[in-house]
Amino acid sequence: CVVMWSIANEAANFSDGAHDYFEPLFKLAHELDEQKRPRTCVSIMFSTPETDQTLDLYDVICPNRYYSWYINTGDLEAGREGMRKELKAFQDKFPDKPIVFTEYGADTVDGMHSAYNEPFSEEYQLEFYKMYSETFDEFANVKGEQLWNFADFQTKFGIMRVMGNRKGVFTRERQPKMVVRYLT
């Protein structure tokens, strides 16, 4: 079932010329769709309310955000404040546009525990999702959310991702991590 059209995922919508590039694509999607479903682009962290050149084209704002993970790693309060600031800016600039978070998450090694809420621990992932839920609830424009990701998965090898992407709330073997109880 298609509920809206995403014209791009994590494009450089903050770059000069982005509006001129995307405007015809948004128009074409609207012209070709008899049902006139909403249109969006899923935005990367660099596409903020201040820098994104294409936000006026969106029917729904769809940010991928990783506060307290890639930005302010391990600091849930700094992440909360960064997200609040950005959500307020979206709301001030586009008070009538809904926001649906399309990615957010924290890598978590199943079975790793910490009494100090350290990144990669199951406790940190749980507190991370609680913080996001609480912050989303503060803003009427936030109408939906899609966490990243259902289950851990393999990626290319590199120093950033040992044994793949571990942002899943389930392991690769589909075993639940601690956060699943909170989410259900």
Side-chain angles (χ1 to χ4, degrees), residues 1 3-4 6 8-14 40-49 51-52 60-90 98-139 141-184:
C1 162
V3 295
M4 74 176 121
S6 178
N9 181 52
E10 296 188 345
N13 295 8
F14 49 85
T40 191
C41 274
V42 176
S43 66
I44 195 167
M45 287 289 310
F46 304 114
S47 292
T48 68
T51 64
D52 194 313
V60 179
I61 297 169
C62 290
N64 289 352
R65 293 298 185 264
Y66 290 92
Y67 289 105
S68 299
W69 190 250
Y70 295 128
I71 296 174
N72 305 117
T73 306
D75 189 338
L76 293 170
E77 285 312 307
R80 181 190 312 267
E81 289 311 308
M83 192 165 37
R84 278 181 178 149
K85 181 180 173 187
E86 185 173 8
L87 283 169
K88 184 174 180 342
F90 275 129
I99 300 170
V100 174
F101 273 76
T102 41
E103 277 187 30
Y104 65 103
D107 282 274
T108 305
V109 177
D110 59 297
M112 181 180 162
H113 296 284
S114 170
Y116 306 105
N117 215 25
E118 295 172 278
F120 293 98
S121 70
E122 291 195 46
E123 288 80 7
Y124 184 78
Q125 186 184 42
L126 174 61
E127 294 306 315
F128 176 95
Y129 279 113
K130 284 181 180 179
M131 181 273 283
Y132 269 73
S133 295
E134 292 164 2
T135 307
F136 292 159
D137 288 347
E138 295 174 20
F139 293 87
N141 290 47
V142 177
K143 301 297 184 186
E145 58 190 86
Q146 302 169 131
L147 58 81
W148 186 264
N149 196 18
F150 169 75
D152 296 344
F153 60 94
Q154 186 59 54
T155 59
K156 68 179 182 175
F157 295 101
I159 60 170
M160 292 290 292
R161 296 217 168 104
V162 177
M163 297 176 60
N165 188 307
R166 296 190 164 243
K167 288 182 188 73
V169 297
F170 288 84
T171 67
R172 285 183 77 183
E173 297 77 28
R174 305 309 193 248
Q175 296 302 305
K177 295 180 185 175
M178 192 159 85
V179 72
V180 169
R181 283 188 177 180
Y182 171 72
L183 294 171
T184 54

Quick one: list whatever passes side chain to side chain contact (heavy atoms under 4.5 Å, CB included) with [X], sequence neighbours left out.
{"X": "N165", "value": "D107, W148, F153, T155, R161, K167"}
{"X": "E10", "value": "I44, N64, E103"}
{"X": "E127", "value": "L76, N117, K130"}
{"X": "E118", "value": "S114, Y116"}

Holding to side chain to side chain donor-acceptor pair (under 3.5 Å), I want the full list of residues that pass it with [X], two or more places apart in sequence or in another chain.
{"X": "E86", "value": "R65, Y67"}
{"X": "S68", "value": "none"}
{"X": "Y132", "value": "none"}

Item to check | Within residues 141-154 or reaching into it, pairs that qualify as salt bridge (charged side-chain N to carboxylate O under 4.0 Å, His left out) - sequence neighbours excluded | outcome: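 Sorted pair list: D152-K177.
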
Next on the checklist: Just verifying a value: how many Å separate Y124 OH and M112 CE, rounded to the nearest 0.5 Å?
Outcome noted: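 Here the interatomic distance stands at 12.0 Å.
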
Checklist entry - In Å, rounded to the nearest 0.5 Å, how long is the span from CD1 of I61 to OG of S43? => result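 Answer rounded to 0.5 Å: 8.5 Å.
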
Checklist entry - What ring pair (Phe, Tyr, Trp, His ring centres under 6.0 Å) pairs are there with at least one residue in residues 68-87, not counting sequence neighbours? => result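 Every pair satisfying ring pair (Phe, Tyr, Trp, His ring centres under 6.0 Å) with a residue in residues 68-87: Y66-Y70, W69-F120.
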
Checklist entry - Tell me, which pairs form a ring pair (Phe, Tyr, Trp, His ring centres under 6.0 Å) where one or both residues lie in residues 154-184, sequence neighbours left out? => result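 Every ring pair (Phe, Tyr, Trp, His ring centres under 6.0 Å) pair that includes a residue of residues 154-184, provided the two are not neighbours, is F150-F170.
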
Item to check | Under the salt bridge (Lys or Arg N to Asp or Glu O under 4.0 Å) test, residues paired with E77 that sit two or more places apart | outcome: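 Salt bridge (Lys or Arg N to Asp or Glu O under 4.0 Å) check on E77 returns R80.
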
Next on the checklist: According to salt bridge (Lys or Arg N to Asp or Glu O under 4.0 Å), who are the partners of K85, at least two apart in sequence or on a separate chain?
Outcome noted: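 Checked K85 against salt bridge (Lys or Arg N to Asp or Glu O under 4.0 Å); zero matches.
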
Checklist entry - Less than 4.5 Å apart, any side-chain heavy atom of Q175 and any of D110? => result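 Not touching, per the 4.5 Å side-chain cut-off.
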
Next on the checklist: I'd like to check T51 versus F46 (side-chain heavy atoms, cut-off strictly below 4.5 Å). Are they in contact?
Outcome noted: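 A side-chain contact under 4.5 Å is absent here.
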
Item to check | With C41, the side chain to side chain contact (heavy atoms under 4.5 Å, CB included) member among N13, D52, V60 | outcome: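 When side chain to side chain contact (heavy atoms under 4.5 Å, CB included) is applied between C41 and each of N13, D52, V60, only N13 qualifies.
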
